[in-house]
> 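Mind looking over this structure? Questions follow.
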There are 2 protein chains.
Amino acid sequence: MRRHNRALVLQTVAGEQPVSRARIAARTGLTRGTVSSLVDDLLAAGLVAELGVTRGGTGRPASPLQLNRSGPAGLGLEIGVETVGACVVDLTGAVRAQAQIPSPHRTEAPAVGLGALVSVAARVVAGAGLPVAGVGVAVPGVLADGVLERAPNLPRWRDVDVAARVGEVLAPEVGDVPVTAGNEADLGALAEHVTGSGGDDVLYVSGGIGVGAGIVLDGRAFRGAGGRAGELGHVVVDAAGPECSCGGSGCLESAAGLEALCRAAGVGDLDALTAAAAREERPTVEALTAGGRALGIALAGAVNLLDVPVVVLGGAYARLGRVLQKAVADELARRVLWRSPVEVRMSPLGPDAALVGAAVSVVRELVRAG
Amino acid sequence: MRRHNRALVLQTVAGEQPVSRARIAARTGLTRGTVSSLVDDLLAAGLVAELGVTRGGTGRPASPLQLNRSGPAGLGLEIGVETVGACVVDLTGAVRAQAQIPSPHRTEAPAVGLGALVSVAARVVAGAGLPVAGVGVAVPGVLADGVLERAPNLPRWRDVDVAARVGEVLAPEVGDVPVTAGNEADLGALAEHVTGSGGDDVLYVSGGIGVGAGIVLDGRAFRGAGGRAGELGHVVVDAAGPECSCGGSGCLESAAGLEALCRAAGVGDLDALTAAAAREERPTVEALTAGGRALGIALAGAVNLLDVPVVVLGGAYARLGRVLQKAVADELARRVLWRSPVEVRMSPLGPDAALVGAAVSVVRELVRAG
DNA sequence: CTCCTTTGTTCGGGCACCGTACAAAGCCGG
DNA sequence: CCGGCTTTGTACGGTGCCCGAACAAAGGAG
């Protein structure tokens, strides 16, 4: 009960800072006295801090409160296909330290990757100088209860209990804090939702060799009954299209995955594709237009089904500029049933979204729990 | 606070009846004393009833509680394309009275339909003999805040505030009770979820001239940010397919809508199609197989996106038998990424699902609120 | 017939919130 | 320069509601 109200107060602070005790009382419906008492708890726990600055108006100046930027922080980790990364965000969600190093997970066993993860995490934690209250790990694959069930690009990690293993190797660094693992696209969606100052419903698409979607509904990540929601890559965009490794045919990945885009544009990798897109070379523009159309078709289906007002293009897509964005937006405008336009944004976080999202998921949970 | 706990107790009774006070206490974590006090409230409100039967075991016999079948009931209404219907369900969700009459909404103004609705509602309410605590209205169209925003098959009802209008005309019959309006497919999904004894996540597809989906996530109807979620009919199943009235091409409706199925099978209407399907006539079987494949493609996309374990085929589809079900299930098995099979059920409620769902939504809300 | 088990009720104790009253601290007008 | 005004934050009694323990009730087992 008190716990609930403490969380309510904390969320109010998070939603509008700086804010006075009196304003919190007005917003939550609690009494000023009750709020004072709850705020005392939060101050003692180090979750909020008092500014002390008394910028005037009429009446007694308020004593403004905000989330404690030196308080407990979240450590985000990412296990990419060929990299590991780490970042620390404070309670406000601001990134305080970040680093990334290469790590060949396709060829090396998980133990090697975990070693790399520890080293980069240690550096980042030391750099930030904040107490770590929890760890989030982003992984490109399907998780069930923290166990990696399916990860096409991380074959040696199959059936690894990521959360548990990371917790073990990281214990010397950060102590015995809760570790959660999440899908890369889901966490990317969360990051875009939080930093994007967007609404409470976002469909985030992470482009890469695979195409995954993260869904934020009503302000929280939606993972489905089995934690596997968001597999957009194998939506059918052309029933007559090529066979796919998934057993179907005409999947989105075959038309708008990174490999298909590179092949159609006649370039070797994402960097070359990005450069060619920036120069607006003819075959690349055509390839991106065709891929964007396919993506738009798949997204239109998802938007019609979920009624989401904002679509964010992230991952590799974030680097491919306006040609892609326009093709997607055109197709959405044509196929979405309602007239209020669906907004198509390029991800401002780009390839860091998942990493930041992993860290943000931790502090978000801290704030939610009070 | 007390309200919250009262609701908790009521939901426990709803989840497992009959049930003793002591068992409720064990389940909820409250004290037996507290539960007793809360149950007294619920008895006074007429929401639960005491059975009085004391079937023995060891120890003092319990006094079993269950939802009051004579207590407040929900009135469900449906405005179909050419019919109006009404039904009353008691607190347990059991249908206590039901009726349907024709009403040509395509040609007549809403006022005429409302008149028909009142007459059928009055009959059903009298037949059930229970106090009506609320009204739910199912409508085949997109609603925003109770206003019918888009309803292709109900052109004269456009922009009508269904909930408000129904509330006005029904006030003499049932008094001043809350009226809510909902999409037909959403309410159908709710009904299947509640009666189907299924899990908390269901994707319900209502086949007809249009194809709509109702989504139940985590035990509650999901309507999306703008209340328009579930438009499955215009998912693309074949980019090269025919143009559609929605502006796109190759939409599911063009391949698996009722009109397409009839045309492909060479029959005139749903009744003929149903009969031909029952006789397993060759062209009909082929038409249903092709339609079922298209439906399966669209559903696979939705399932991959939402990770829903159960798909229910309802509306007209409920009458089309195993041929359709098999084609859908085959396509789902092929295209859904995870190996745990997606269950494909035929709706047991059939065409009544939306009507029952409208009534169920009312009592569900009563139970949720305590 | 007596004991035992389980149920439902009753009664003090305490926690948390509410309402009100009061001190604090800066603006504003004379 | 100073008193009123306004708004903020704190202190104190009152109340609602839940918990824990003790107690009466009601039937089965030996």
Side-chain angles (χ1 to χ4, degrees), chain A residues 1-13 15-68 368-370, chain B residues 1-68 369-370:
Chain A
M1 164 97 251
R2 185 163 184 84
R3 194 191 180 103
H4 175 261
N5 278 334
R6 210 174 52 184
L8 186 63
V9 168
L10 186 56
Q11 282 162 43
T12 309
V13 174
E16 174 192 348
Q17 45 185 311
V19 61
S20 70
R21 291 169 176 78
R23 185 158 179 75
I24 295 174
R27 267 220 177 315
T28 59
L30 299 170
T31 311
R32 289 205 305 270
T34 304
V35 171
S36 256
S37 155
L38 292 166
V39 165
D40 285 346
D41 282 15
L42 293 171
L43 284 169
L47 291 169
V48 308
E50 214 154 7
L51 250 71
V53 188
T54 61
R55 317 182 112 281
T58 173
R60 168 175 168 178
S63 124
L65 301 167
Q66 62 174 192
L67 292 178
N68 183 5
R368 194 183 291 281
Chain B
M1 163 98 252
R2 186 162 184 83
R3 193 190 179 103
H4 174 262
N5 278 334
R6 212 175 49 185
L8 186 62
V9 168
L10 186 56
Q11 282 161 44
T12 308
V13 174
E16 173 193 348
Q17 45 186 312
V19 61
S20 70
R21 292 169 175 78
R23 185 155 179 76
I24 295 173
R27 268 221 177 311
T28 59
L30 299 171
T31 312
R32 289 207 304 271
T34 305
V35 170
S36 256
S37 155
L38 292 166
V39 165
D40 285 347
D41 282 16
L42 293 171
L43 284 169
L47 291 169
V48 308
E50 214 154 8
L51 249 71
V53 188
T54 60
R55 317 182 111 282
T58 173
R60 167 175 169 178
S63 120
L65 301 167
Q66 64 174 193
L67 292 178
N68 183 4

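We name chains A, B, ... by the order of the sequence lines, and we start the count at 1 in each one. Atom set for the values below is all heavy atoms of this structure, side chains included, hydrogens, waters and symmetry mates excluded. Since we're looking at a predicted model, the values are computed, not measured.
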> Rounding to an integer number of Å, can you tell me how far Leu65(B) CG sits from dT7(C) C1'?
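Those two atoms, CG and C1', are 12 Å apart.
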> Would you kindly give the CG-to-P distance between Leu43(A) and dG9(D), to the nearest whole Å?
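Rounded to the whole Å, the gap is 12 Å.
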> Atom CZ of Arg60(A) and atom C1' of dT8(D): how far apart are they, to the nearest Å?
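These atoms are roughly 5 Å apart.
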> Anything under 3.5 Å between a protein N or O and an N or O of nucleotides 15-18 of chain D, put it in a table, one pair a line.
unit_1, atom_1, unit_2, atom_2, d
dC18(D), OP1, Asn5(B), ND2, 3.0
dC18(D), OP2, Arg2(B), NH1, 2.6

> Of Asp41(B), Leu38(B), Leu10(B), Val35(B), which meets side-chain contact (heavy atoms from CB on, under 4.5 Å) against Asn5(B)?
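It is Leu38(B); the other options fail the test.
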> Can you see which heavy atom on Glu50(B) is nearest to which on Ser63(B), and at what distance?
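Shortest heavy-atom contact: OE2-OG, 2.5 Å.
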> Enter the distance from Arg27(B):CZ to Gln11(B):CD here, rounded to the nearest 0.5 Å.
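If we round to the nearest 0.5 Å, Arg27(B):CZ and Gln11(B):CD are 13.0 Å apart.
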> side-chain contact (heavy atoms from CB on, under 4.5 Å) with Val39(B): which of Val9(B), Thr34(B), Val13(B), Leu47(B)?
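The residue from Val9(B), Thr34(B), Val13(B), Leu47(B) that satisfies side-chain contact (heavy atoms from CB on, under 4.5 Å) with Val39(B) turns out to be Val9(B).
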> Might you list the N or O atoms of the protein lying below 3.5 Å from N or O atoms in nucleotides 1-5 of chain D, with each pair's distance?
none

> Answer yes if the side chains of Arg2(B) and Ser37(B) hold a donor-acceptor pair under 3.5 Å, and no otherwise.
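Yes.
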> Just how far, in rounded Å, is P of dT7(D) from CZ of Arg23(A)?
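Between P of dT7(D) and CZ of Arg23(A): 14 Å.
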> Can you tell me how far the CG atom of Leu43(B) sits from the CG atom of Leu65(B), to the nearest 0.5 Å?
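Between Leu43(B) CG and Leu65(B) CG, I get 6.5 Å after rounding to 0.5 Å.
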> To the nearest Å, give me how far apart CD (Glu50(B)) and P (dT7(C)) are.
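Going from CD in Glu50(B) over to P in dT7(C) covers 15 Å.
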> Expressed in angstrom and rounded to an integer, what is the separation of Leu51(B) atom CG from dG8(C) atom C1'?
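Result: 17 Å.
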> Which heavy-atom pair separates Ala14(B) from Gln17(B) by the least distance, and what is that distance?
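Closest approach of Ala14(B) to Gln17(B), heavy atoms only: O-NE2, 3.7 Å.
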> Can you name the atoms? Protein N/O to nucleotides 12-14 of chain C N/O, anything below 3.5 Å, with the distance.
none

> Within this structure, what is the CZ-to-P distance between Arg21(A) and dA24(C), rounded to whole angstrom?
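Distance check: Arg21(A) CZ to dA24(C) P gives 16 Å.
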> At their closest point, which heavy atom of Arg368(A) faces which heavy atom of Ala7(A), and how far apart are they?
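The pair with the smallest heavy-atom distance is O-CB, 3.4 Å.
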> Is it true that a side-chain atom of Gln66(A) and a backbone atom of Leu51(A) form a donor plus acceptor pair closer than 3.5 Å?
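Answer holds: no.
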> Restricting to non-hydrogen atoms, name the atom on Gly370(B) and the atom on Arg6(B) that form the minimum distance, rounded to 0.1 Å.
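Reported closest heavy-atom pair: O-NH2, 3.0 Å.
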